[in-house]
Number of protein chains: 2
Amino acid sequence: MVKMSDVAKAANVSSATVSRVLAGSPHVSKETKERVLRVIEELNYKPNRLASNLRRMSAKTIMVVLPDITNPFFAKIVQGFEDVAHERGYYVLLGDTGNRLSLEREFIELSRERAVDGLILATARIPNKEIQEVSEHVPLVLACEYVDGLDIPTVSIDNVGAARAATEFLIESGHRRVAHISGPMAVVLSRDRVKGYRQAVQLHDLELDDRLIQEGDFTVQSGYHNMLKLLSLDNPPTAVFAANDEMAVGAIKAAKSLGIRVPEDLSVIGFDDIPLAMLVEPELTTVHQPQYDIGRHAMRMLLDIVEGRAPRRRQVVLSHRIVVRGSTMDVSGSEQTGNRVEGVTL
Amino acid sequence: MVKMSDVAKAANVSSATVSRVLAGSPHVSKETKERVLRVIEELNYKPNRLASNLRRMSAKTIMVVLPDITNPFFAKIVQGFEDVAHERGYYVLLGDTGNRLSLEREFIELSRERAVDGLILATARIPNKEIQEVSEHVPLVLACEYVDGLDIPTVSIDNVGAARAATEFLIESGHRRVAHISGPMAVVLSRDRVKGYRQAVQLHDLELDDRLIQEGDFTVQSGYHNMLKLLSLDNPPTAVFAANDEMAVGAIKAAKSLGIRVPEDLSVIGFDDIPLAMLVEPELTTVHQPQYDIGRHAMRMLLDIVEGRAPRRRQVVLSHRIVVRGSTMDVSGSEQTGNRVEGVTL
DNA sequence: CTGAAAGCGCTTACAG
DNA sequence: CTGAAAGCGCTTACAG
């Protein structure tokens, strides 16, 4: 393996000078620089990153902790992370926890060994106290997830507001019995979306019937089974807001299996707007989250912190919008208004 | 920051001994070990991985290069990579090329700077010569992709055979005009699948009509448009084999848009078996690739090479199978046989 | 079982 | 503009 001292010797300079050339320092004469560059080329020298990492005490690497890379919602966010990291000369270490708390801790632990310069958590199941502790030791940004009461830099949408808007969309379409299939209540995002749902129901003076709220786990299967439960009620809903798109798809499948037509007999709105939403039938009306932008913003914010530039805002809230496709129907006869767009279709 | 020498001083031993304790060396007395461990605990010492990386000349990190993490096929493979890497104490650096050749080169380059111990390519657009060169410098395994004529360790399925089986399945179901929507011909996998398709057509003495082969790019859109083309032929096909599931879904959408029923009027078979296949309507008949296992095998093979254990086999071919769901129909009246299973449905 | 010492290959004040 | 020298924090033969 060719090392810097070999280059130095061949070019008749010191290692310091080779290092300066490599770093693009302006304090090197043109001739020296050219000579060094030529030797580097000739010897096919590549600097040893492990050595420079130790010396600079930075691996130019960010650890990204997420619950499940096969979840298309997170995959798109990760792409945002990756692109910005790459633009700024950093690498991304992938930490897929598979929703296991022990793995979450393990990945976070890496940051204490200086192997990574910063941490993005797109899942945060560990107690707030631990997160607080971690954030005191290493640059940390939360993406999508957030933590109540702590001033941790966060990038997300307004989940309460978005859930309220989704529910109101159904109510304003003329539905009086609107159900909600929630995410797991252990997750703050799920609780936020339930909160938004409740707000909308109360805002419109509808009955708040707890049997209309069923707790799912974000899978298609749980959407399916919870929809069956809802449809077996004495007074079943005519519309349902699912806390993510997969559960909405499951809900549609369940309705169809009973011969209930979507959207004619049942309106379904999802949350996230993953690619799947445009591929099912009917195409899914849903709340669009700017997944890629969330990823980009979060990484940009983190790198600003890592590089000592304090971010302008510590809590970034990106905007959502309702995308109207084919799984919902206006049963009131009145006009629809507000912050929503016609869905893009194939 | 507490460092090893601090621990050594506090425990009244040398750094060497602390290092031995940390490494679990048996050559440390019980009392010494306990004392050191206690001090480590008290001082909340974490070893500096950047330093040990340099000393051991290894970052315990594997670079994974893939074309697009938002593609569910690759996401699942990456999960296999991750899980095995983690089990064996390695980390995964994510390299999402977005199908850009320049990025592919850049990620691969990292391995020449000793920042990663090995490389898995799940995409390989760079010339064979370059791959050969890289593989001489760093442990390298190809996953899914492979390279003709080079003896590079590879994990994949038999793409020719699988494509032949998919096409034969349609033919044996009584179809005489079977079309193929291929992937981009620049990709060796696409060419393999075309080859398998041709073999099946010839094997069954059907007419080899080049208009029945349309080149797509693996997107839903290209499946849609190519299906429209095929359906506008004077003598349109009654069945189509798409080189991946997304294009198959696009093909179904196109057929439906013309009022052509799937599977009654047109049978469609896909390739890969991504989660989407079970969510569209009708559910997609497809060729199942063991994505997670491909990922696991590839990482296991790579780490064996990295750690100096030569892998038993250099070319691992995992088995595929045809999963029969609702998008194909037997129009012959005869029995179906062979290496296929009934599809799992919700 | 333990320690002193060398050294991994860089980068960076410091001095000239 | 350039170099000598120190040092990042570990690990590992070597010696005892």
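Everything numeric in this text was worked out from a predicted model, so none of it was measured. Reminder, nothing fancy here: chain letters follow the sequence lines and each chain counts from 1.
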Below 3.5 Å is the cut-off: list the nitrogen or oxygen pairs between protein and nucleotides 12-16 of chain D, distance only.
| unit_1 | atom_1 | unit_2 | atom_2 | d |
| --- | --- | --- | --- | --- |
| D:dT12 | O4' | B:Arg55 | NH2 | 3.2 |
| D:dA13 | N6 | B:Arg20 | NH2 | 3.3 |

For A:Lys60, does the NZ atom sit with more than 12 other heavy atoms under 6.0 Å from it, leaving out its own atoms?
yes
Pairing partner of D:dA4 (Watson-Crick or G-U wobble, both distances under 3.5 Å)
none
Mapping B:Met57 and B:Pro26 onto DNA chain C by nearest heavy atom, which one lands closer to the 5' end?
B:Pro26
Begin from the C-alpha positions of B:Asp192 and B:Tyr146 and carry the test side chain to side chain donor-acceptor pair (under 3.5 Å) through to its verdict.
CA-CA 11 Å; B:Asp192 280 353; B:Tyr146 73 96; 2.7 Å; yes
To the nearest Å, give me how far apart CG (B:Leu54) and P (C:dC8) are.
9 Å
From the options D:dC1, C:dA4, C:dC10, select the nucleotide whose nearest atom is closest to the side chain of B:Ser14.
C:dA4
What's the CE-P distance between A:Met1 and C:dG9, to the nearest Å?
10 Å
With no hydrogens and no angle check, do the side chains of B:Arg112 and B:His137 hold a donor and an acceptor under 3.5 Å apart?
yes
Determine whether A:Gln79 and A:Lys76 satisfy the following criterion, side chain to side chain donor-acceptor pair (under 3.5 Å), listing intermediate values before the conclusion.
CA-CA 5 Å; A:Gln79 203 164 56; A:Lys76 195 69 199 174; 3.0 Å; yes
State which of D:dC1, D:dC8, C:dC10 makes the closest approach to the side chain of A:Ser29.
D:dC1
Between P on D:dT2 and CD on A:Glu31, what's the gap in Å once rounded to a whole number?
8 Å
Return the nearest nucleotide to the side chain of B:Thr32; candidates are D:dT2, C:dC10, C:dC1.
C:dC1
Whole-Å distance separating the NZ atom of B:Lys33 from the C1' atom of C:dT2:
16 Å
A:Ile40 CD1 - C:dC10 P separation (whole Å):
10 Å
Does C:dA13 pair with anything, Watson-Crick or G-U wobble, both distances under 3.5 Å, and if so, with which nucleotide?
none
Sugar-phosphate only, base, or nothing, as touched by A:Met4 at under 4.0 Å among non-hydrogen atoms
base
Run the salt bridge (charged side-chain N to carboxylate O under 4.0 Å, His left out) test on A:Arg38 and A:Glu42 for me, step by step, so that the C-alpha distance in whole Å, both residues' side-chain angles and the decisive distance to 0.1 Å come before the verdict.
CA-CA 6 Å; A:Arg38 204 175 329 115; A:Glu42 278 169 20; 5.2 Å; no
Please tell me if A:Tyr45 has a side-chain N or O lying less than 4.0 Å from either OP1 or OP2 of C:dC10.
yes
Would you mind telling me which of A:Leu119, A:Ile152, A:Ile108 makes a side-chain contact (heavy atoms from CB on, under 4.5 Å) with A:Ile131?
A:Ile152
From CG of B:Asn48 across to P of D:dC10 the rounded distance in Å is 5 Å
Atom-to-atom span, CG of A:Asn53 to P of C:dC8 - whole angstrom
17 Å
Which atom of B:Asp96 lies closest to which atom of B:Pro67, heavy atoms considered:
OD1-O, 3.3 Å
When rounded to whole Å, the CG to P distance for the pair A:Asn12 and D:dG3 reads 9 Å
